[in-house]
**Q** 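Quick one: the structure is below, and I'll ask about it shortly.
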Amino acid sequence: MVKIVENVLLKENIYKLVVEAKDLVRNALPGQFVMLMTHEESERIPLTIHAYNKESGNLTLIYQVVGAGTLELSKEKETLFSLVGPLGNPSELIVNVDDLKEKNILFIAGGIGVASIYPQAKYLHERGINVSIIYGAKNKQFIILEEELRSVCQELILTTDDGSMGHKGVVTDCIKERKDIDICVAIGPMVMMKNVSNLTKEMGIKQIVSLNPIMVDGSGMCGACRVEVGGKVKFACVEGPEFDGHLVNFEAAMKRLELYKTIEGKKYLKELEGETHHGECANCE
Amino acid sequence: MENVQTVNDKKVMASVQKKEERIHNFQEVSLGYTKEEAYKEASRCLQCKNPRCVIGCPVGIEIPKFIEAIKEEKMEMAYNIITEASTLPAVCGRVCPQENQCEKMCIKGFKSDAIAIGALERYVADYANMHHLKKNKESEKKEQRIAIIGSGPSGLSCAGTLAKEGYRVTVYEVLHKAGGVLTYGIPEFRLPKQIVEKEVVDLKHMGVEFVLDTLIGKTITLSNLKEDYDAIYIATGAGLPKFMGIPNELACGVFSANEVLTRINLMKAYEDGNTPLYLGDKIIVVGGGNVACDVARSLKRFGKDVSIVYRRGISDMPARKEEVHHLLEEQIEIKEFLNPVRICVDSNQLVTGIEVVHMVSVGTDDKGRAIVEEVRDSKEVLECDMVVMALGTNINALAIENTDIKVRENGCIEVDGTRTSSDRCFAGGDVVTGAATVILAMEAGKKAAYEIIDLFEKEKTSVV
């Protein structure tokens, strides 16, 4: 059992979860992820590491309630049944940080992806590397971690779909003028990462993306997370989660993400409304 | 009673769940021997002076002796004889390919049926579990600590052997449940999970500590472990699924056998588990091994139309004969001599079929299996909406990445006996041999345990 330090609502449907995980954080680095289970019969949920404290042994994760599994997680305040990690590889930029001295790094965060951007930006900023962040969200209500982000970069640009905060529009609108960028890192919804990758390819900027496919075990065993990169099949859990954005087959990856949507949607409604949603009316199919 | 060998001397078959019933549940197919059946089968044994069956057993169980004990109704004695050599009798009695090992060597098999050694082993183990019989003696506690990486059959066997000798053992497992392939891979109807759990609980009673949710190489590095333990046994197995590399294999509706089995067995997608399981209505499983059979039979239990596509003939299938027999009884068709060349998809990347080419046998290899070649212009499309690839697995090497442990060209760990190139590190099971069987993995675990003990003994004498 893993002790929960706090599991609190940040905004709308976004939660912050802090757990005691001394062994896990000892070798953790930005870019890696964990798998957790709320109860014994729960799904295994992959979440990218948001923050860790090597002294206290606390691990912080940020998640959005999008289905039955995350809804169940948001209700649990005492313990987690299972937590394993750090999984996957640390970010390429973290591993090769010494090569980045004179480089300009641009992070693009979309939605909840901002939680994964933060530790990377922080790591680089603390080592004197020039970091900018463009952060896009649906609207003002979904903007989180604004202060934290400002403290780990030279420049923070916010965009919202409705213009309720920062620029009105999408993140790609703000990349076009950035000719000074050497490396771009995008983390967020697949479609955002795809659009950003297409744009940076045209601009000739190196692109890194962090993929979030379906996973069961997270250690290379199930193959659910396989993605096509440069024409080759890769397992995101052990060979990623970060890949060259210009080589990822996003179309296939997006289709694969939708695989369980109907099954998941029904479970989510059941969790929300109880047995009232029996599906027999056939109106919702 | 003297045994007279006649052509009518057939082995006693254990009863099985009716085929019409069992395809609707996940309960065990074989019901095991009753006392009378076990006695009758045990009585068929000739008690050879130079028993060939023992040579055929990878862990060298004194088979005639335990069979004699069954006949004499000395069940505790029978159990002790088995556990002297094997740490997981209830598991091996069920999943060992006895027809290629002990039973293949049985002298009776030449004229009639070999003794059903596996079924008798299972009978003894189940009796012991039911009557809470204890495994052998306890030894004096030793100081040395051993870390075992992986809680599959090899790790459990090594842990059991070392714990029996009084050593302090910790087993590390990446998943949230111990057992490795016994837990996530082999289905409930072939190996009830309760049996695996019982074996793990027994080991805990013997003082073995289990650390779950820990990926060696990530959570803790191998060098971290080396600082804390006197020896390490790497038994991470072969769990990384292979794919064919044919077009559209990334389509929605193509899965690895491991994914399907893990969702069903480990995550209990068929009962109270919250993990979803994707199900097609017409499912094709590609492969001819036990895993292919396990997947096909599991999916059949969800009421689906399931068939197997295999590139050789049914008689060449590496799966156990008994499993193939059960599978055919369960109305699963085996489409033999077909090799997939492409997955067919619609505009939404959903599977609509699988294109196969017909194969023809052009001879046999040194193992007696058909060597096959493609038949020209013989492509056809088999309609289906889900494909499961059961093509075998590659080894799990995360634990040894960036370490001084040498691997062979195929990626498997290089060993001398069970010793690796790294000091105090031993390895065995699938991570050394590539995907093989439960019993071979167990044998390696046992062998490693003795080599580790040997190392400690030598050090003791050299200190004195």
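Here is the naming used below: chain letters follow the sequence lines, and residue numbers restart at 1 for every chain.
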**Q** Taking C-beta and beyond as the side chain, do Y278(B) and I214(A) meet within less than 4.5 Å on heavy atoms?
**A** no
**Q** CZ of R26(A) to CD1 of I220(B): how many Å apart, nearest 0.5 Å?
**A** 6.0 Å
**Q** Would the number of heavy atoms belonging to other residues, nucleotides or ligands and lying under 6.0 Å from NZ of K201(A) be above 12?
**A** no
**Q** I'd like to verify something: which residue of A28(A), G218(A), A252(A), S219(A) has the highest number of heavy-atom pairs under 4.5 Å with chain B?
**A** S219(A)
**Q** If we only count heavy atoms from C-beta on, is the M37(A) to M267(B) side-chain gap below 4.5 Å?
**A** yes
**Q** Count the heavy atoms of every other residue, nucleotide or ligand shown that sit under 6.0 Å from NZ of K122(A), and state whether that count exceeds 12.
**A** no
**Q** Measuring from atom CE of M35(A) to atom NE2 of H176(B), what distance do you get when rounded to the nearest 0.5 angstrom?
**A** 10.0 Å
**Q** Sort by residue number and list every member of residues 241-254 of chain B having a non-hydrogen atom under 4.5 Å from chain A.
**A** P241(B), F243(B), E249(B), L250(B), A251(B), C252(B), G253(B), V254(B)
**Q** With a 4.5 angstrom heavy-atom cut-off, which part of Q32(A) approaches chain B: side chain, backbone, both or neither?
**A** side chain
**Q** Apply the test side chain to side chain contact (heavy atoms under 4.5 Å, CB included) to residues N27(A) and N224(B): give CA-CA distance (whole Å), side-chain angles for both, the deciding distance (0.1 Å), then the verdict.
**A** CA-CA 11 Å; N27(A) 289 323; N224(B) 291 154; 3.6 Å; yes
**Q** Do E72(A) and N274(B) touch side chain to side chain, with heavy atoms closer than 4.5 Å?
**A** yes
**Q** Quick one: which residues of residues 256-265 of chain B reach chain A at under 4.5 angstrom, heavy atoms only?
**A** S256(B), N258(B), E259(B), T262(B), R263(B)
**Q** Sort N394(B) into side chain, backbone, both or neither according to what part of it lies under 4.5 angstrom from a heavy atom of chain A.
**A** neither
**Q** Against chain B, label R226(A) side chain, backbone, both or neither, depending on which of its atoms sit under 4.5 Å from a heavy atom there.
**A** both
**Q** Taking atom CD of E6(A) as the centre, report whether more than 12 heavy atoms of other residues, nucleotides or ligands fall under 6.0 Å from it.
**A** yes
**Q** Checking an interface table here. Which of residues 77-99 of chain A come within a heavy-atom distance under 4.5 Å of chain B?
**A** F81(A), S82(A), L83(A), V84(A), G85(A), P86(A), L87(A), G88(A), N89(A)
**Q** Got V238(A) and L240(B) here, is their nearest side-chain heavy-atom distance under 4.5 Å?
**A** no
**Q** Do K255(A) and L350(B) come close enough that some side-chain heavy atom pair is under 4.5 Å?
**A** no
**Q** Counting only non-hydrogen atoms closer than 4.5 Å, does T221(B) touch chain A with its backbone (N, CA, C, O), its side chain (CB onward), both, or neither?
**A** both
**Q** May I ask you to list the residues in residues 15-25 of chain A that approach chain B closer than 4.5 angstrom, counting heavy atoms only, ordered by number?
**A** D23(A), L24(A)
